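Working notes, structure below.
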Amino acid sequence: MVFLEVCYQSDVLGMQMQMNVLLPETAPHQPPKECPVLYLLHGMSYDHTSWMRWTSIERYAGKYGYAVIMPDTHLAWYTDMKYGLKYWTHLTEELPKIVHRFFPHITEKREKTFVAGLSMGAYGALKCGILLGDRFACVGGLSSPPDMLDHMRNPNFPPEEIALYHDIYGTEEEYIGSINDLYAQAAIHGKDAVRPRFYMSCGTSDVYLPLSRSMKDALFATGYDLTYREMPGDHNWEFWDAEIQSFLAFTKESAKGDN
């Protein structure tokens, strides 16, 4: 695999941004083949380097011949912030255009495009799958915290973190039923003609286990194609390193089912 550290200008955010990129290697003097792509999203305490630092994603993705795009999205929860910048617009509209301009051999076909993430990145991945189902074949949410009302009301969080969620989402009333409310959006988009296959997993010792279960129930109730797993584990890289391998295998099995 080829590993690239990419700095680029985001006009949407008005700043320089970074992403790490993995690309399958090609034989000498051979043109690169169109390759499937995984957009891999980081969690709240991490950045675009984290998947490379804490897992063997290069080895895992190389087994399948996938390109992997690992963008830095700061602490905006993959959202166009109420008081801040438009990270959702950057992720879903601007970034794919930049990726395909820089790397034209990366596929633009839905059936070969995947998105996954851990924790905050799982929220972002699920949001992509629910709102933009016509773009992704498979979606992976590892240790998912899909309900931001839980975060906005959590008495155990410090005041500055609660303030961050209000900067992102506005008031509770503004959040409920909005584009960022995954339960409301799942009910709306559950009727879409084209929807991806979802993979969710959570460790049985993970603080987000109740939230993962509630999202699982919401997706099942609205008819989504969901594979859901619980197994021993916590909110940590040991669990995510194992589960990203399971998700990659899931994408391959899903592709066979489409044939």
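The chain is numbered in sequence order, starting from 1. Small disclaimer: the values here were computed from a predicted structure and weren't measured.
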*Check whether any side-chain heavy atom of L164 lies under 4.5 Å from a side-chain heavy atom of M44, and answer yes or no.*
yes
*Is there a path of hydrophobic side-chain contacts, each under 4.5 Å between heavy atoms of I, L, V, M, F, W or Y residues, that connects I69 with L132?*
yes
_Please enumerate all residues that pass ring-ring contact (aromatic ring centres under 6.0 Å, His included) together with Y175, with sequence neighbours excluded._
Y169
Let me have the donor-acceptor pairs involving side chains of residues 13-21, under 3.5 Å, with sequence neighbours excluded, atom names and distances please.
unit_1 : atom_1 : unit_2 : atom_2 : d
Q16    : NE2    : Q9     : OE1    : 2.9
N20    : ND2    : H48    : O      : 3.4

*Answer yes or no: is there a side-chain heavy-atom contact under 4.5 Å between L4 and F103?*
yes
*Once you round to the nearest 0.5 Å, how far does CD of E111 lie from SG of C138?*
11.0 Å
_Of all pairs that satisfy salt bridge (Lys or Arg N to Asp or Glu O under 4.0 Å), the ones with a partner from residues 84-100, not counting sequence neighbours_ = none
*What are the two closest heavy atoms between G117 and A125, and how far apart are they?*
N-CB, 3.8 Å
*L248 side chain reached by I57 side chain, heavy atoms, under 4.5 Å*: yes
_If hydrophobic clusters are built by linking Ile, Leu, Val, Met, Phe, Trp and Tyr wherever their side-chain heavy atoms come under 4.5 Å apart, do M152 and L211 end up in the same one?_
no
_Partner residues of R229 under the side-chain hydrogen bond (donor to acceptor under 3.5 Å, both in side chains) criterion, sequence neighbours left out_ = Y199, E243
*asked:* Going by the rule ring-ring contact (aromatic ring centres under 6.0 Å, His included), which residues pair with F198 if we only count those two or more places apart in sequence or in a different chain?
replied: Y224
*Might you point out which heavy atoms bring M200 and L126 nearest each other, and give the distance in Å?*
CG-CD2, 4.2 Å
*How long is the gap from CD1 on I130 to CZ on F136, to the nearest 0.5 Å?*
12.5 Å
*So, D80 side chain and W88 main chain: donor-acceptor pair closer than 3.5 Å or not?*
yes
_Tell me the closest heavy-atom pair linking S212 and P146, and the distance in Å._
N-CD, 4.5 Å
*Does a side-chain heavy-atom distance below 4.5 Å link T113 with P36?*
no
*From F247 CZ over to L118 CG, what is the distance, rounded to the nearest 0.5 angstrom?*
12.5 Å
*Could you walk me through whether M52 and E58 pass side chain to side chain contact (heavy atoms under 4.5 Å, CB included), step by step?*
CA-CA 7 Å; M52 287 291 294; E58 180 173 7; 3.7 Å; yes
*Give the cluster check for Y123 versus I244: same hydrophobic cluster or not, with ILVMFWY residues linked at side-chain heavy-atom distances below 4.5 Å.*
no
*Using a distance-only test with no angle check, is there a side-chain donor-acceptor pair under 3.5 angstrom linking W240 and T55?*
no
*Does a sphere of radius 6.0 Å around CD in E161 hold more than 12 heavy atoms from other residues, nucleotides or ligands, not counting ones at 6.0 Å or beyond?*
yes
*Would you say D147's side chain and L149's backbone share a donor-acceptor pair under 3.5 angstrom?*
yes
_Do D241 and W54 make a side-chain contact, defined as non-hydrogen atoms from C-beta onward lying under 4.5 Å apart?_
no
*Take T73 and Y78 through the test side chain to side chain donor-acceptor pair (under 3.5 Å) and record every step on the way to the result.*
CA-CA 7 Å; T73 54; Y78 304 95; 3.1 Å; yes
*Is the closest side-chain heavy-atom distance between L91 and C128 below 4.5 Å?*
yes
*Could you walk me through whether S246 and F250 pass side chain to side chain contact (heavy atoms under 4.5 Å, CB included), step by step?*
CA-CA 6 Å; S246 298; F250 171 80; over 6 Å; no
*Take L209 and C202, measure what side chain to side chain contact (heavy atoms under 4.5 Å, CB included) needs, and give me the verdict at the end.*
CA-CA 6 Å; L209 182 61; C202 196; 4.0 Å; yes
*Pick one: which of W237, Y60, F3 meets ring pair (Phe, Tyr, Trp, His ring centres under 6.0 Å) with W51?*
W237
_Applying side-chain hydrogen bond (donor to acceptor under 3.5 Å, both in side chains), can you list everything that pairs with W77, at least two apart in sequence or on another chain?_
none
*Please report the closest heavy-atom contact between P96 and Y39, naming both atoms and the distance.*
CA-OH, 3.8 Å
*Answer with yes or no whether the hydrophobic clustering places L131 together with I188; edges join I, L, V, M, F, W, Y residues whose side-chain heavy atoms lie under 4.5 Å apart.*
no
*Can you check whether H42 reaches M120 side chain to side chain, under 4.5 Å on heavy atoms?*
yes
_In the structure I gave you, are the side-chain heavy atoms of S201 and F239 within less than 4.5 Å of one another anywhere?_
yes
_Any donor-acceptor N/O pair, D47 side chain to T49 backbone, under 3.5 Å_ = yes
_Pairs meeting criterion salt bridge (Lys or Arg N to Asp or Glu O under 4.0 Å) with involvement of residues 199-217, two or more places apart_ = R213-E230
*Can you name the side-chain hydrogen bond (donor to acceptor under 3.5 Å, both in side chains) partners of D225, sequence neighbours left out?*
R197
*asked:* So which atom in Y183 and which in M215 form the shortest heavy-atom distance, rounded to 0.1 Å?
replied: OH-N, 3.5 Å
_Criterion ring pair (Phe, Tyr, Trp, His ring centres under 6.0 Å) on Y66 and F114, from CA distance to verdict_ = CA-CA 10 Å; Y66 289 0; F114 318 112; 5.3 Å; yes
*Answer yes if L142 and Y46 sit in the same cluster of Ile, Leu, Val, Met, Phe, Trp and Tyr residues linked by side chain heavy atoms under 4.5 Å apart, and no otherwise.*
yes
*Derivation of the side chain to side chain contact (heavy atoms under 4.5 Å, CB included) call for T107 and C35*: CA-CA 6 Å; T107 189; C35 61; over 6 Å; no
*Smallest separation among heavy atoms of M1 and G62, with atom names*: SD-CA, 3.5 Å
*What residues, two or more places apart in sequence or in another chain, satisfy side chain to side chain contact (heavy atoms under 4.5 Å, CB included) together with P232?*
T204
*Can you pull the salt bridge (Lys or Arg N to Asp or Glu O under 4.0 Å) pairs that have at least one residue in residues 127-138, sequence neighbours excluded?*
none
*For the pair Q185 (side chain) and N180 (backbone), establish whether a donor and an acceptor sit closer than 3.5 Å, ignoring hydrogens and angles.*
no
*Give a yes or no on whether the backbone of P104 and the side-chain of H100 come within a donor-acceptor separation of less than 3.5 Å.*
no
*asked:* Suppose the criterion is salt bridge (Lys or Arg N to Asp or Glu O under 4.0 Å): which pairs have a residue in residues 112-123, not counting sequence neighbours?
replied: E34-K112
*Who pairs with F157 by ring-ring contact (aromatic ring centres under 6.0 Å, His included), at least two apart in sequence or on another chain?*
H151
